[in-house]
Amino acid sequence: MNPNTKRIVDEAMRDFRRTGRKQYRKRQFNALCDTLNDIFDNEQDCRGEIHSIGRRQFIGYWRRHSHLKLATLVARWRVLCVLFEKIGMNEPLHPKKALKNTD
């Protein structure tokens, strides 16, 4: 993740990390950072910019991690929804929809 993207994520998720069950939210934030780093590492079109992540990148991510439980993927999707809402982007593709098309 490039420094500008890291700054955007940190600013957008500051309230998320500081309220509620802090231990759980810290784990969710770390999972969010891992998710974004995985997308940036494996999807060439992103170039480390969060605004260049789209449907195709999420389909690739959900398929690469289809070995995880659906509940885990949905938890990661929820924290992505929080981030995308705060930075003004459309809601990301739900993992269930992405994995349904692979059968």
Engineer: Give, for atom NE2 of His65 and atom CG of Leu99, the distance between the pair rounded to the nearest 0.5 Å.
Structural biologist: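 So the gap between those two atoms works out to 11.5 Å.
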Engineer: Could you pull out the closest heavy-atom pair between Val79 and Met13, with the gap in Å?
Structural biologist: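 That would be CG2-CE, 3.8 Å.
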Engineer: If you take all heavy atoms of Cys46 and Gln57, which pair is closest and at what distance?
Structural biologist: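 That closest heavy-atom pairing would be SG-CG, 3.4 Å.
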Engineer: State, to 0.1 Å, how close Ile50 and Met89 come at their nearest heavy-atom pair, and which atoms those are.
Structural biologist: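 Distance-wise, the nearest heavy atoms are O-CE, 3.6 Å.
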Engineer: Can you give the donor-acceptor pairs under 3.5 Å from side chains of residues 23-34 to other protein atoms, not counting sequence neighbours?
Structural biologist:
residue, atom, partner, partner atom, Å
Arg25, NE, Thr19, O, 3.4
Arg25, NH1, Phe16, O, 3.3
Gln28, NE2, Ala75, O, 3.2
Asn30, ND2, Lys26, O, 3.4

Engineer: Of all heavy-atom pairs between Phe40 and Glu49, which one has the smallest distance, and what is that distance?
Structural biologist: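 Nearest heavy atoms, Phe40 then Glu49: CE2-O, 3.6 Å.
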Engineer: Please report the shortest heavy-atom distance between Lys86 and Ala12, naming the atom on each side.
Structural biologist: CD-O, 2.8 Å
Engineer: Kindly compute the distance separating CG (Asn42) from CG (Asn37), expressed to the nearest 0.5 Å.
Structural biologist: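 The CG atom of Asn37 is 10.5 Å from CG of Asn42, to the nearest 0.5 Å.
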Engineer: Using the side chain to side chain donor-acceptor pair (under 3.5 Å) rule, collect all pairs that involve residues 5-15, keeping only residues at least two apart or in two chains.
Structural biologist: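 For residues 5-15, and leaving out neighbouring residues, the side chain to side chain donor-acceptor pair (under 3.5 Å) pairs sorted by first residue read Asn2-Thr5, Asn4-Arg7, Arg7-Glu11.
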Engineer: For Asp38 versus Tyr61, what's the shortest heavy-atom pair and its separation?
Structural biologist: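 Closest approach of Asp38 to Tyr61: OD2-CD1, 3.1 Å.
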Engineer: For the atom pair CH2 (Trp77) and CG (Leu70), what is the distance rounded to the nearest 0.5 Å?
Structural biologist: 11.0 Å
Engineer: Is any side-chain heavy atom of Val9 closer than 4.5 Å to one of Ile87?
Structural biologist: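 The answer is no; the side chains never approach within 4.5 Å.
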Engineer: What orientation do Trp62 and Phe58 show, parallel under 30°, tilted 30 to 60°, or perpendicular over 60°?
Structural biologist: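 Parallel.
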Engineer: Apply side-chain contact (heavy atoms from CB on, under 4.5 Å) to Arg78 and list each qualifying residue two or more places apart in sequence or on a separate chain.
Structural biologist: Val74
